[in-house]
Amino acid sequence: MNNSGIEPARAQAYFDSPWPAEDGGPQRLQIGHGAAGLGLRSGGSLGWVSRRIMMGTMTVLGAPGEVYLLTHSMLRSRIGLPTTACVERIDPNTLATLECSPRLAGGPMWPGGMAIHRNGLLFVVYGRYAHRLSRSCELQASLELPINQAYNSFVILDNGLLVTKNLSDSTPARLTVIDPNSLRPACADVICPEASIARLSAIGNTVYVVGVRSIMRYHFNAGRGTLELDSDWRFDYIGTSTQTYGWDVVLDGDNAWFMDNGHHRYLRSMIGAGVSPTPNRLIRVSMHDARDHQIVTVSGQPGGSITNPPLYDLNRRLVIGYDSANRYLRAWRHEPSDDRLTPQWDKPDFACASHMLQYPQTGELVVNDYRRNAEEIVVLDIETGEELGRVRTGGITQGVVFPSTGWGRDFYWTTFGRLARVFVQ
């Protein structure tokens, strides 16, 4: 476990930038590599600029000054027509479009994913297609994926291969491994034993899949050239309960962390959108032995629900979880010696729903809060929960997608209808 203030090792197959992929990398630690922090403790306030966008998903960073934005269409899906995606290179300060891809073939609608490979090229998975683009947003190649369902993003293994899967609560998850050079399948697809809603996570050449009732993992066997199920590592987190499925899993190197009761009725915000009458839960599963696991409720309130992962601070051993439906944010101190979780602080009436950002050097945590029918972005002290800064960026939908760090004392916050750059003044 990293406890020295040193950043975790960068995933080998991603481009050398502070934020080359969603959540900063395939472990979903939500850390920007080399990002010193906002430094709000030293004074200053937050400013912002924003622009309206259509169905934003995320920003990623390339070479110094390069910022890429992924969006997709939506209206066509309402009448059963295929949707498309688009990649823009934007001005890092004004957010204006500098270069733009053609419309990228998609199909069924669901927010996809984008990452910059160590080979310097952009890869996008959206709908039932994978695409490869140059960093000037020129389309180089496309691959139609095997199932006519939305594929919810991808991870890149340390060996450079891309792994993606279909999103479904009933059809078994089907893992497709893609060669980045040919943009063709690198091996036969692998059928998981159950469906999966959550996005994939990975560490090294191992892929973690949160199914609709259990978490499992697959190792890439270089000798056989395929993904193989780890038959000794699986945990049924639903058991005899009436909980609903889990979302994306965070891998800290020793434990896998995720939350359940993921079924919801999100429209404009997650507030009151829970479906299950039970509280949502934080789940820990040892990456060394799945029999070593732990489950705690987040708020304890009925109708709890989320649509995203928790956050784990490697240096401070703090876990951040939330109940979006009941507007509740909580931090626990994690003691690895006995895996005890001790409540550290909590924030009732705090409507967090999005993926988050953490700055380990300064101990700053960036989250969203939805109140008075609009989005607000908040910087907290991760140790105490103290509020350090807040801005109201003008978005009317609660963000549930992906922020990223910026190139200085700033970050980018993406929602379906608005992109904002928030900076220290």
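These numbers come from a predicted model, not from an experiment.
Judged purely by atom type and a 3.5 angstrom limit, Y14 has no side-chain atom pairing as donor or acceptor with the backbone of W19. Judged by distance alone, the side chain of R132 and the main-chain N or O of P180 form a donor-acceptor pair under 3.5 Å. Under the 3.5 Å distance criterion, the side-chain polar atoms of R10 are matched with a main-chain donor or acceptor of S17. In this structure, R409 contributes its side chain and L38 its backbone to a donor-acceptor pair below 3.5 Å. A distance-only check finds no donor-acceptor pair linking the side chain of N308 to the backbone of V401 [under 3.5 Å]. Under the 3.5 Å distance criterion, the side-chain polar atoms of W407 are left unmatched by any main-chain donor or acceptor of P92. Panel note: side chain E376, backbone R371; no donor-acceptor pair is recorded below 3.5 Å. Panel note: side chain S201, backbone V249; a donor-acceptor pair is recorded below 3.5 Å. N152 places a side-chain N or O within 3.5 Å of a backbone atom of I197 that can act as its donor or acceptor partner. A donor-acceptor distance shorter than 3.5 angstrom exists from the side chain of Y322 to the backbone of P309, with no hydrogens or angles considered.
In terms of the side chain to side chain donor-acceptor pair (under 3.5 Å) criterion, T57 has no residue partners (sequence neighbours excluded). For R330, the side chain to side chain donor-acceptor pair (under 3.5 Å) partners two or more places apart in sequence, or in a different chain, are Y328. With sequence neighbours excluded, no residue satisfies side chain to side chain donor-acceptor pair (under 3.5 Å) with D179. Under the side chain to side chain contact (heavy atoms under 4.5 Å, CB included) criterion, A202 pairs with P26, V155, L157, not counting sequence neighbours. Applying the ring pair (Phe, Tyr, Trp, His ring centres under 6.0 Å) rule to F423 yields no partners; only residues at least two apart in sequence or on another chain are considered. The ring pair (Phe, Tyr, Trp, His ring centres under 6.0 Å) search around F402 returns H355, not counting sequence neighbours.
Between E22 and R199 a salt bridge is recorded (basic side-chain N to carboxylate O distance below 4.0 Å). Electrostatic pairing of R118 and D16 does not count as a salt bridge here, judged by no charged N lying under 4.0 Å from a carboxylate O. Using a cut-off of 4.0 Å between Lys/Arg side-chain N and Asp/Glu carboxylate O, R333 and E383 are scored as salt-bridged. Classification of R317 and E335 as a salt-bridged pair fails, no side-chain N sitting under 4.0 Å from a carboxylate O.
In this structure, CG in N326 is found 10.0 Å from CD1 in I271, a value given to the nearest 0.5 Å. The CG atom of L162 lies 11.0 Å from the OG1 atom of T176; values are rounded to the nearest 0.5 Å. How far CG of L98 is from CD1 of I90: 8.0 Å, rounded to the nearest 0.5 Å. Here S101 contributes atom OG and L133 contributes atom CG; the two are 6.0 Å apart, rounded to the nearest 0.5 Å. Taking NE2 of H264 as the start and OG of S324 as the end, the distance is 8.5 Å to the nearest 0.5 Å.
With a 4.5 Å cut-off on side-chain heavy atoms, Y245 and H263 count as touching. The closest side-chain heavy-atom distance from L380 to L388 is not below 4.5 Å. Using a 4.5 Å heavy-atom threshold, the side chains of R128 and E144 count as touching. Taking 4.5 Å as the limit, every side-chain heavy atom of N261 sits out of range of all side-chain heavy atoms of V275. Counting only heavy atoms from C-beta outward, the side chains of Y218 and T206 never approach each other to under 4.5 Å. You'll find the side chain of I377 reaches within 4.5 Å of the side chain of F411, heavy atoms only. Side chains of P108 and N148 form a contact here, defined as non-hydrogen atoms less than 4.5 Å apart. Residues R28 and L251 fail the side-chain proximity criterion, which asks for heavy atoms closer than 4.5 Å.
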Determine whether I178 and L145 satisfy the following criterion, side chain to side chain contact (heavy atoms under 4.5 Å, CB included), listing intermediate values before the conclusion.
CA-CA 10 Å; I178 302 171; L145 297 165; 4.1 Å; yes

I'd like to know whether R316 forms a salt bridge (Lys or Arg N to Asp or Glu O under 4.0 Å) with E364, so could you lay out the CA-CA distance, the side-chain angles of the two residues, the decisive distance to 0.1 Å, and finally the verdict.
CA-CA 12 Å; R316 298 166 183 82; E364 292 165 311; over 6 Å; no

Using salt bridge (Lys or Arg N to Asp or Glu O under 4.0 Å), reason through R135 and E66 one step at a time and then give a plain yes or no.
CA-CA 9 Å; R135 295 232 301 284; E66 288 182 343; 2.8 Å; yes

Run R217 and Y208 through side-chain hydrogen bond (donor to acceptor under 3.5 Å, both in side chains) and show every step you take.
CA-CA 4 Å; R217 68 186 178 191; Y208 285 74; 2.8 Å; yes

Hey, mind stepping through T397 and E375 against side-chain hydrogen bond (donor to acceptor under 3.5 Å, both in side chains) and telling me if it holds?
CA-CA 6 Å; T397 58; E375 176 94 325; over 6 Å; no

Please evaluate residues S404 and T59 with respect to the criterion side-chain hydrogen bond (donor to acceptor under 3.5 Å, both in side chains), reporting the C-alpha separation (whole Å), side-chain torsions for both, the decisive distance (0.1 Å), and the verdict.
CA-CA 6 Å; S404 80; T59 50; 2.8 Å; yes

For Q149 and T171, what are the C-alpha separation, side-chain angles and deciding distance, and is it a side-chain hydrogen bond (donor to acceptor under 3.5 Å, both in side chains)?
CA-CA 10 Å; Q149 292 177 340; T171 305; 3.1 Å; yes

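A side-chain donor-acceptor contact under 3.5 Å links S136 and E138. Side-chain contact annotation: Q243 with D260, donor-acceptor N/O pair under 3.5 Å present. No hydrogens or angles considered: a donor-acceptor pair under 3.5 Å links the side chains of D339 and H334.
Taking both residues in full, the closest heavy atoms of D323 and Q301 are given as OD2-O, 4.3 Å, listed atom of the first, atom of the second, then distance. In terms of heavy atoms, S168 sits closest to A195 at O-CB, 3.3 Å. When every heavy atom of S50 is checked against every heavy atom of L95, the shortest pair comes out as CA-CD1, 3.9 Å. Closest of all the heavy-atom pairs between A351 and R327 is CB-CG, 3.7 Å. Considering all non-hydrogen atoms of both residues, A198 and S196 come closest at O-OG, 3.5 Å. Residues N315 and P360 come closest through the heavy atom pair ND2-CB, 3.3 Å.
Using bins of under 30°, 30° to 60° and over 60° for the plane-to-plane angle, the ring pair Y129/H131 lands in the parallel bin. In this pair, H72 and F416 present their aromatic rings perpendicular. The plane angle is above 60°, beyond the 30 to 60° band.
The one candidate from W332, W257, F258 that meets the ring pair (Phe, Tyr, Trp, His ring centres under 6.0 Å) condition with Y312 is W257. If you run side chain to side chain contact (heavy atoms under 4.5 Å, CB included) between Y126 and each of T84, T83, L70, only T83 comes through.
Few gaps surround CE on M74; more than 12 heavy atoms of other groups in view lie less than 6.0 Å from it.
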